Amino acid sequence: MNRPMKFLLKVIGVIAVVLAVLGAFLPLLPTTPFLLLASACFARSSVRAHNWLRTNPLFGKYLRDWEDGRGLPLRGKVVILLFMWGSMGYSFTRVAHIPALVALLAAIGLGVTVFLLRFVPTKR
């Protein structure tokens, strides 16, 4: 891979990590997709950054389990869904006067829930 492409992937990876960390605290910003994006970018551009991400004490275990095809533990899925729907509920109250946004939020929440329960393996 050429240098400009590696640099671009590193930049995208760093931005994705920042967005993932912010997503842990902001209701409408997802964490997991940004972590997966960062991991994919770093895997192709920087072994050191990819290893840092996989060994990070905060989210490394979940990322390793995901990348290695082991899925998520049931407890993790429950926590994800509780936090997601809790923040979605708060968001619904803030945009209740805009029905299109309520519908969009509900569709996103349902999509994430179906994906998590149906397509992500449950780690035993």
Side-chain angles (χ1 to χ4, degrees):
M1 182 176 297
N2 59 31
R3 284 186 99 147
M5 182 57 80
K6 280 189 174 188
F7 178 77
L8 179 63
L9 287 173
K10 286 178 189 176
V11 169
I12 292 170
V14 168
I15 292 169
V17 168
V18 169
L19 290 173
V21 170
L22 289 174
F25 303 103
L26 300 174
L28 294 178
L29 198 61
T31 300
T32 304
F34 287 120
L35 281 178
L36 295 176
L37 174 63
S39 181
C41 290
F42 289 153
R44 288 163 183 78
S45 64
S46 171
V47 172
R48 183 173 166 217
H50 189 243
N51 286 337
W52 170 80
L53 203 57
R54 285 179 56 95
T55 59
N56 183 285
L58 185 59
F59 44 75
K61 182 179 182 332
Y62 292 106
L63 190 57
R64 285 189 310 274
D65 286 345
W66 176 267
E67 287 182 347
D68 297 341
R70 291 189 293 265
L72 295 172
L74 181 60
R75 183 175 189 269
K77 286 183 175 186
V78 170
V79 168
I80 289 168
L81 290 174
L82 287 174
F83 275 102
M84 183 189 73
W85 282 107
S87 63
M88 287 281 200
Y90 173 75
S91 299
F92 288 147
T93 66
R94 304 299 297 166
V95 298
H97 60 285
I98 309 172
L101 278 180
V102 172
L104 179 63
L105 283 173
I108 291 169
L110 287 172
V112 170
T113 300
V114 167
F115 175 77
L116 191 63
L117 296 177
R118 186 147 165 86
F119 298 107
V120 175
T122 301
K123 183 180 169 187
R124 298 181 194 266

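The structure presented is a predicted model; accordingly, all values stated were derived computationally and were not measured.
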Mark yes or no for whether [X], through its side chain, and [Y], through its backbone, hold a donor-acceptor pair below 3.5 Å.
X	Y	answer
Ser46	Phe42	no
Lys77	Val120	yes
Arg94	Tyr90	no
Thr122	Leu74	no

Indicate the atoms forming the closest heavy-atom contact of [X] with [Y], along with that distance.
X	Y	result
Pro121	Gly69	CG-O, 4.3 Å
Lys123	Asp65	NZ-OD2, 2.8 Å
Ala38	Val17	CB-CG2, 3.6 Å
Met88	Leu105	CE-O, 3.5 Å
Ala16	Leu37	CB-CD2, 4.0 Å

Rounded distance (nearest 0.5 Å) linking atom [atom1] of [X] with atom [atom2] of [Y]:
X	Y	atom1	atom2	result
Ile80	Leu72	CD1	CG	5.0 Å
Ser91	Met84	OG	CE	11.0 Å
Ser45	Ile12	OG	CD1	9.0 Å
Thr31	Leu22	OG1	CG	9.0 Å
Leu110	Phe115	CG	CZ	15.0 Å
Leu36	Leu63	CG	CG	6.5 Å

Side-chain heavy atoms under 4.5 angstrom apart, residues restricted to Ile, Leu, Val, Met, Phe, Trp, Tyr: same cluster for [X] and [Y]?
X	Y	result
Leu19	Val11	yes
Phe34	Ile15	yes
Val112	Leu104	yes

Review point. Got Trp66 and Leu35 here, is their nearest side-chain heavy-atom distance under 4.5 Å?
Key: no
Review point. Do Asp68 and Arg54 sit within salt-bridge range, that is, some charged N less than 4.0 Å from a carboxylate O?
Key: yes
**Study point:** side-chain contact (heavy atoms from CB on, under 4.5 Å) between Leu58 and Val21, worked out
**Key:** CA-CA 10 Å; Leu58 185 59; Val21 170; over 6 Å; no
Practice item. Taking atom OH of Tyr62 as the centre, report whether more than 12 heavy atoms of other residues, nucleotides or ligands fall under 6.0 Å from it. Key: no
Review point. Considering residues, nucleotides and ligands other than Arg64, do more than 12 of their heavy atoms fall under 6.0 Å from its CZ?
Key: yes
Review point. What orientation do Phe59 and Trp52 show, parallel under 30°, tilted 30 to 60°, or perpendicular over 60°?
Key: perpendicular
